[in-house]
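Structure first, commentary second.
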Amino acid sequence: MPSATQPTQPGPSTPSVTVIGLGPMGQAMAAAYLDRGYDVTLWNRTPSRADALVERGAHLAGSVEKALLANELVVLSLTDFDAMYAILEPAKSAVAGRTLVNLSSDTPEKARAGARWVTGLGGTHLTGGVLCPPPLIGTPDTSTFYSGPREAYDTHRAALEVITGTTDYRGEDQGLAALMYQLNMAVFWPAMIAFWQAAAIAGAHGLTAQEIAPYVTENFAGMGHFVDFYASRIDAGNHAGDVDRTAMGLASMEHVVHTASDAGVDTAFPRAVHDVFRRVVEAGHGADSFSRAVELMRNPAA
């Protein structure tokens, strides 16, 4: 089994990076850097997760402090910002002079607070939000949001483009990349759970997930049309029921709930969607477009 090695200083022409956190995403990022010829230093709470990467030439640091001191550019791939504090606090003296690219998921406010903490230690912080799964890391048609000091982003842009082909810089506010990432997750997770729901109902009727997958994919592909259509109307406050009506959506979701229930499948998720339609109708907007739900969500106490 590969053992921890003392990170060596790369040659003057060799780009280098430290990756802290070796879950599936961190491992994919470290592998992408190795693929591009980077000198890579690693640290993880469970050292064995670095074995395959060490066999490829990466250096496993014996401590967080050594991992930080090995390179100016440090990529963090952790569960959240609390994990950053827990891991870096014992080695905080080594943060000074480092640029920490924090790709850990958390709220915009947590990102801002984390950036202030790093800056207070003499380091530079860039918030990031990766919009692809680990298997697609290092491929060109992928994207990551970034926010923080423009100079740091410009300096390390080439290294950031190793992770995903596109880097979408959102400005100096450290919370903006986290916000844009969470907005995407607010869509992604419910959409995938909707597929799990459909797969469960299909299975109850003897259909496989693979059988319905092409139709779900086609459905998802068509969602872009609806998003584009409703976006301008939402911004204009136009919820006219000329194209759809919330009452119709409520009736449709009732059918979905009953279909799931009849199949013996859990109904919690479709009932939650049904509840949104119901509340809009009960507020007197049954004849409006179901985009009226945006106003309900903006003012839930109204």
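Here the CG-OG1 distance, from Leu131 to Thr142, works out to 9.0 Å after rounding to the nearest 0.5 Å. Separation of atoms CG (Asn44) and CZ (Arg49) is listed at 5.5 Å; rounding is to 0.5 Å. Interatomic distance, Leu296 CG to Glu282 CD, rounded to the nearest 0.5 Å: 10.5 Å. Considering CG of Asp288 and CZ of Arg245, their distance stands at 9.0 Å, rounded to 0.5 Å. Expressed to the nearest 0.5 Å, how far CD of Gln197 lies from CD1 of Ile201 amounts to 4.5 Å.
Taking the side chain as every heavy atom from C-beta outward, His274 and Thr267 never approach each other to under 4.5 Å. With a 4.5 Å cut-off on side-chain heavy atoms, Thr79 and Ser104 do not count as touching. Between Val40 and Leu53, the closest side-chain pair of non-hydrogen atoms is not below 4.5 Å. Put simply, the side chain of Phe277 does not reach to within 4.5 Å of the side chain of Val280, judged on heavy atoms. Considering only heavy atoms from C-beta on, Ser147 stays 4.5 Å or farther from Leu126 through its side chain. Here the side chains of Asp82 and Lys110 are in contact, with some heavy-atom distance below 4.5 Å. Gln27 is not listed as a side-chain neighbour of Pro134, based on a closest heavy-atom distance of 4.5 Å or more. Side-chain atoms of Asp168 and Thr144, non-hydrogen and from C-beta on, never get closer than 4.5 Å to each other.
In the hydrophobic clustering of this structure, Leu34 groups with Tyr38; members are Ile, Leu, Val, Met, Phe, Trp, Tyr whose side-chain heavy atoms approach within less than 4.5 Å, directly or through other members. Phe145 and Val162 sit in two unconnected hydrophobic clusters of ILVMFWY residues. Membership requires side-chain heavy atoms under 4.5 Å apart, directly or through other members. In the hydrophobic clustering of ILVMFWY residues, with side-chain heavy atoms under 4.5 Å counting as a link, Val130 and Leu160 come out together. A single hydrophobic cluster is not seen to contain both Val227 and Val243; linkage of ILVMFWY side chains at heavy-atom distances under 4.5 Å, directly or through other members, places them apart. Residues Met185 and Leu103 do not share a hydrophobic cluster, clusters being chains of Ile/Leu/Val/Met/Phe/Trp/Tyr side chains in contact below 4.5 Å.
When atom types are taken as modelled, the side chain of Tyr33 and the backbone of Ala159 share a donor-acceptor pair closer than 3.5 angstrom. A donor-acceptor contact shorter than 3.5 Å links the side chain of Gln174 to the backbone of His125. A distance-only check finds a donor-acceptor pair linking the side chain of Thr155 to the backbone of Glu151 [under 3.5 Å]. Although no hydrogens or angles enter the test, the distance criterion places a donor-acceptor pair under 3.5 Å between the side chain of Thr246 and the main chain of Ser289. Judged purely by atom type and a 3.5 angstrom limit, Gln182 uses its side chain to pair as donor or acceptor with the backbone of Asp106. Between the side chain of Asp244 and the backbone N or O of Phe290 there is at least one donor-acceptor pair closer than 3.5 Å. Between the side chain of His258 and the main chain of Glu254, a donor-acceptor pair closer than 3.5 Å is present. A donor-acceptor pair is defined here as one N or O able to donate and one able to accept, closer than 3.5 Å; no such pair exists between the side chain of Thr99 and the backbone of Leu73. Formation of a donor-acceptor pair under 3.5 Å by the Arg98 side chain with backbone atoms of Asn71 is found in this model. Counting only distance, with no hydrogens or angles, the side chain of Thr119 and the backbone of Ala115 share a donor-acceptor pair below 3.5 Å.
Contact between Ala70 and Thr18 at its shortest, heavy atoms only, is CB-OG1, 4.0 Å. Closest approach of Ala111 to Ala178, counting heavy atoms only: CB-CB, 4.0 Å. In plain terms, the two heavy atoms of Leu42 and Ala58 that are nearest each other are CD1-CB, 3.7 Å. Here the closest non-hydrogen pair linking Pro90 and Ala86 is CD-O, 3.5 Å. Here the closest heavy-atom approach between residue Thr14 and residue Gly37 is recorded as CG2-O, 3.9 Å.
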Could you please spell out the steps behind the salt bridge (charged side-chain N to carboxylate O under 4.0 Å, His left out) verdict for Glu295 and Arg292? CA-CA 6 Å; Glu295 306 302 334; Arg292 175 66 69 176; 5.5 Å; no

Hey, mind stepping through Val17 and His156 against side-chain contact (heavy atoms from CB on, under 4.5 Å) and telling me if it holds? CA-CA 10 Å; Val17 64; His156 297 289; over 6 Å; no

For His239 and Ser291, run side-chain hydrogen bond (donor to acceptor under 3.5 Å, both in side chains): C-alpha distance rounded to whole Å, both residues' side-chain angles, the deciding distance at 0.1 Å, then the answer. CA-CA 6 Å; His239 304 294; Ser291 64; 2.8 Å; yes

Report the C-alpha distance between Tyr181 and Phe188 in whole Å, list the side-chain angles of each, state the deciding distance to 0.1 Å, and finish with yes or no for ring pair (Phe, Tyr, Trp, His ring centres under 6.0 Å). CA-CA 10 Å; Tyr181 175 78; Phe188 174 78; 9.6 Å; no

Take Thr259 and Asp262 through the side-chain contact (heavy atoms from CB on, under 4.5 Å) test and state the conclusion after the steps. CA-CA 5 Å; Thr259 299; Asp262 291 347; 5.8 Å; no

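For Phe195, there are no ring pair (Phe, Tyr, Trp, His ring centres under 6.0 Å) partners two or more places apart in sequence or in a different chain. Take Phe269 and apply the ring pair (Phe, Tyr, Trp, His ring centres under 6.0 Å) test, not counting sequence neighbours, and it matches no residue. Residues passing the side chain to side chain contact (heavy atoms under 4.5 Å, CB included) test with Ser63, sequence neighbours excluded: Glu65, Lys66. Take Val294 and apply the side chain to side chain contact (heavy atoms under 4.5 Å, CB included) test, not counting sequence neighbours, and it matches Ile234, Arg298.
Within the structure, side chain to side chain donor-acceptor pair (under 3.5 Å) contacts touching residues 206-227 (residues at least two apart or in different chains) are Thr208-Glu211.
More than 12 non-hydrogen atoms from other residues, nucleotides or ligands lie less than 6.0 angstrom from CZ of Arg112. Around the CG atom of Asp141, the shell of radius 6.0 Å holds no more than 12 heavy atoms that belong to other residues, nucleotides or ligands. More than 12 heavy atoms of other shown residues, nucleotides or ligands fall within 6.0 angstrom of atom CE in Met192. Other residues, nucleotides and ligands place no more than 12 heavy atoms under 6.0 Å from the CZ atom of Phe226.
Electrostatic pairing of Arg233 and Asp242 counts as a salt bridge here, judged by a charged N lying under 4.0 Å from a carboxylate O.
Membership of the apolar cluster around Leu78 extends to Ile20, Trp43, Val64, Leu68, Val74, Leu76, Phe81, Met84, Tyr85, Ile87, Leu88, Val95, Leu100, Trp117, Val118, Leu121, as traced through chained side-chain contacts below 4.5 Å between ILVMFWY residues.
A cation-pi arrangement is present between Arg150 and Tyr169, with the terminal nitrogen or guanidinium carbon under 6.0 Å from the aromatic centre and inside a 45° cone about the axis.
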